Amino acid sequence: MDQQKVDILISSSVWDPRPWVEGLSKSSWVGNVHVWPTEADLSNVEALFVWKPLADGVIDRLPNIKWISSLGAGVDHLMTDSQIPRHISITRIVDPFLARDMTNYVIMGLMMHQRSMLSHMKHQKSKIWERITYKPLKVGVMGLGALGRHLSEKLVSLGFEVFGYSRTRKTLDGVTCYDETNRNTFLSQTEVLVNLLPVTPQTTDILDASLFQKLTKGAFLINVARGNHLVENDLMEALDSEHLSGALLDVFRDEPLPINNLLWEHPKVTITPHVASVTTPSSAIALLLDNLKRLRGKEPLLHTVDIRKGY
Ligand code: NDP
Ligand code: OXD
């Protein structure tokens with residue numbers, strides 16, 4: 001195989017690009033690694049690695065571009081970008097560390113809720129000895145892809161009753177699986193709803209008042225997928241009317257969450273700043289290099305996105 005080096009451009013407006021540059025540059029398959037913004041000549045760049053919105057005009061600077069990879073699992077930032085030509089291969093990160101970290105985060109949120117940890121922490125401040133009982137919980141996982149499947153399997157092994165929902169119905173050991181044809185049955189049993197869907201035109205605003213009404217009274221929401229899934233006002237109304245008991249939110253329509261957003265101060269909402277599962281560069285770089293060799297060898301790339309489906 002002709003091992004001609006591949007030039008890369010990294011565009012990362014949220015994460016520090018340095019670990020990516022350092023890791024990629026060690027490979028004999030990699031030529032120049034540029035970081036956007038740059039004045040350098042980018043006409044030899046064949047691979048573009050992106051985390052979050054691409055600046056206008058980047059693609060115009062890349063006449064030789066052959067492959068674009070998201071540096072995360074989500075690709076919504078690429079699917080909605082009109083400057084990206086439809087014929088270019090787009091891939092994403094599917095990585096055991098990403099799945100492990102997401103599963104751990106959701107389990108943390110689930111356990112904190114099940115064991116009323118926030119109330120115990122408040123009680124400790126006032127030296128109050130109050131025994132709050134707990135009960136087994138039925139967990140509904142929306143999205144049974146790389147992350148939702150890993151989470152569901154771990155939840156089963158921890159003894160939770162688990163329901164799963166996806167576009168095409170799945171078969172998973174110990175998980176009762178649903179698709180769109182029986183979505184209401186899925187929702188009506190769910191006491192903790194975990195959202196791990198990709199954001200697409202079909203799933204935008206999916207977490208709205210009508211969905212919340214279908215959940216068991218007192219249900220808890222964990223949204224770790226995207227802010228565009230959630231209708232924030234509908235959530236606050238469902239919490240204020242006590243139909244929902246609380247929410248753990250890691251992702252938001254506007255990030256960073258603006259300081260005047262009412263979610264910050266809602267007593268039943270816990271917020272984390274999009275840290276549920278952050279791509280580990282060293283492990284993702286191995287995947288990117290594997291795909292880079294495939295690109296050179298004209299082999300099919302791994303973890304490609306189906307542009308028609310949007311994920
Ligand atoms: P995948 O693409 O592997 O899985 C997506 C799942 O959602 C699939 O099961 C798919 O169904 C299902 N799905 C898609 N559209 C619909 C629909 N209209 N109705 C029902 N089900 C649908 O994604 P990942 O598991 O890798 O990641 C999920 C999301 O998690 C990412 O898109 C990203 O937004 C978010 N994320 C957030 C992070 C954070 O730190 N907060 C970190 C990493 C990811 P089917 O199986 O039939 O195709
Ligand atoms: C991702 C994310 O999609 O971190 O990987 O949100």
Side-chain angles (χ1 to χ4, degrees), residues 12-15 20 49-53 69-80 90-106 108-109 140-154 163-172 175 177-184 186-187 193-208 211 221-230 247-253 255-257 270-281 283-284 287-288 302-311:
S12 170
S13 50
V14 181
W15 298 334
W20 299 92
F49 300 159
V50 190
W51 187 237
K52 293 295 159 175
S69 182
S70 170
L71 289 180
V75 288
D76 38 299
H77 54 299
L78 299 175
M79 294 296 106
T80 50
I90 298 185
T91 62
R92 65 193 195 94
I93 302 298
V94 176
D95 170 62
F97 286 18
L98 206 54
R100 176 202 64 189
D101 292 354
M102 178 58 81
T103 292
N104 288 347
Y105 175 97
V106 173
M108 174 216 44
V141 180
M142 290 184 97
L144 293 174
L147 303 181
R149 214 170 37 236
H150 186 270
L151 170 68
S152 302
E153 286 167 355
K154 286 285 186 270
F163 305 99
Y165 170 79
S166 52
R167 203 176 48 80
T168 51
R169 180 126 24 133
K170 301 285 181 283
T171 307
L172 285 178
V175 181
C177 292
Y178 299 89
D179 58 23
E180 207 165 341
T181 59
N182 43 21
R183 186 164 97 167
N184 289 350
F186 163 79
L187 293 171
L193 182 69
V194 182
N195 177 34
L196 271 170
L197 293 169
V199 79
T200 65
Q202 290 72 41
T203 65
T204 299
D205 294 336
I206 195 168
L207 302 174
D208 67 356
L211 179 143
L221 172 69
I222 301 182
N223 187 22
V224 275
R226 283 292 180 265
N228 283 349
H229 287 127
L230 176 66
L248 170 59
L249 307 177
D250 182 58
V251 285
F252 302 89
R253 272 173 199 263
E255 294 183 5
L257 185 62
T270 302
I271 286 172
T272 54
H274 203 144
V275 289
S277 180
V278 180
T279 310
T280 304
S283 131
L287 170 68
L288 293 169
L302 298 176
H303 311 306
T304 49
V305 173
D306 182 339
I307 294 176
R308 285 160 309 158
K309 286 195 295 181
Y311 67 97

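Because the structure is predicted, anything quoted here is derived from the model rather than measured. FYI, side chains are in, hydrogens and waters are out, and symmetry mates aren't considered; it's all heavy atoms of this structure. For ligands, and for the atoms within them, numbers begin at 1 and follow the listed sequence.
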Donor-acceptor contact below 3.5 Å, side chain Lys170 vs main chain Thr168: yes
Considering heavy atoms of the protein only, find what lies nearest to atom 6 (O) of ligand 2 and give residue, atom and distance to 0.1 Å. His274 NE2, 2.6 Å
Atom CD of Glu180 with >12 non-hydrogen neighbours under 6.0 angstrom: no
Examine Arg226 against ligand 2 and note whether any of their N/O atoms are separated by less than 3.5 Å. yes
I'd like to know whether ligand 2 has Ser70 as a neighbour, heavy-atom separation below 4.0 Å. no
Using 30° and 60° as the class limits, which term best fits the ring planes of Trp51 and His274: parallel, tilted or perpendicular? perpendicular
If only atom types and distance count, is the side chain of Thr279 paired as donor or acceptor with the main-chain N or O of Leu71 below 3.5 Å? yes
Against heavy atoms of Ser277, which atoms of ligand 2 measure under 4.0 Å? 4 (O)
Measuring from the heavy atoms of Arg92, does anything fall under 4.0 Å of ligand 2? no
Test the Arg100-Phe97 pair against the cation-pi criterion, namely NZ or CZ under 6.0 angstrom from the six-membered ring centroid and within 45° of the ring axis. yes
Write out the residue and atom name of the closest protein heavy atom to atom 5 (O) of ligand 2, then the distance separating them to 0.1 Å. Ala73 N, 2.7 Å
Side-chain donor-acceptor pairs of residues 193-201 under 3.5 Å, sequence neighbours excluded:
unit_1	atom_1	unit_2	atom_2	d
Asn195	OD1	Leu197	N	3.1
Asn195	ND2	Asn223	OD1	2.9
Asn195	ND2	His229	ND1	2.9
Thr200	OG1	Gln202	N	3.2
Thr200	OG1	Gln202	OE1	3.3
Thr200	OG1	Thr203	N	3.3
Thr200	OG1	Thr203	OG1	3.4

Lys154, NZ atom: more than 12 neighbouring heavy atoms under 6.0 Å: no
When you measure from the side chain of Arg92 to the backbone of Gly74, do you find a donor-acceptor pair of N or O atoms at a distance under 3.5 Å? no
Is there at least one pair of N or O atoms, one from Leu98 and one from ligand 2, spaced under 3.5 Å apart? no
State, without any angle test, whether Thr272 and Asp250 hold a side-chain donor-acceptor pair at a distance under 3.5 Å. yes
Measure and list all N/O to N/O distances between ligand 1 and the protein that fall under 3.5 angstrom.
unit_1	atom_1	unit_2	atom_2	d
ligand 1	2 (O)	Arg92	NH2	3.4
ligand 1	3 (O)	Arg92	NH2	2.8
ligand 1	3 (O)	Ala146	N	2.9
ligand 1	9 (O)	Leu144	N	2.9
ligand 1	9 (O)	Gly145	N	3.1
ligand 1	11 (O)	Arg167	N	3.3
ligand 1	21 (N)	Arg167	N	2.9
ligand 1	25 (O)	Ala146	N	3.3
ligand 1	25 (O)	Leu147	N	2.9
ligand 1	26 (O)	Arg92	NH1	2.8
ligand 1	26 (O)	Arg92	NH2	3.3
ligand 1	34 (O)	Ala225	O	3.4
ligand 1	34 (O)	Arg226	NH1	3.2
ligand 1	40 (O)	Ser277	N	3.1
ligand 1	40 (O)	Ser277	O	3.1
ligand 1	41 (N)	Val224	O	2.9
ligand 1	41 (N)	Asp250	OD2	2.9
ligand 1	46 (O)	Lys170	NZ	2.6
ligand 1	47 (O)	Thr168	N	2.7
ligand 1	47 (O)	Thr168	OG1	2.5
ligand 1	47 (O)	Lys170	NZ	3.2
ligand 1	48 (O)	Tyr311	OH	2.5

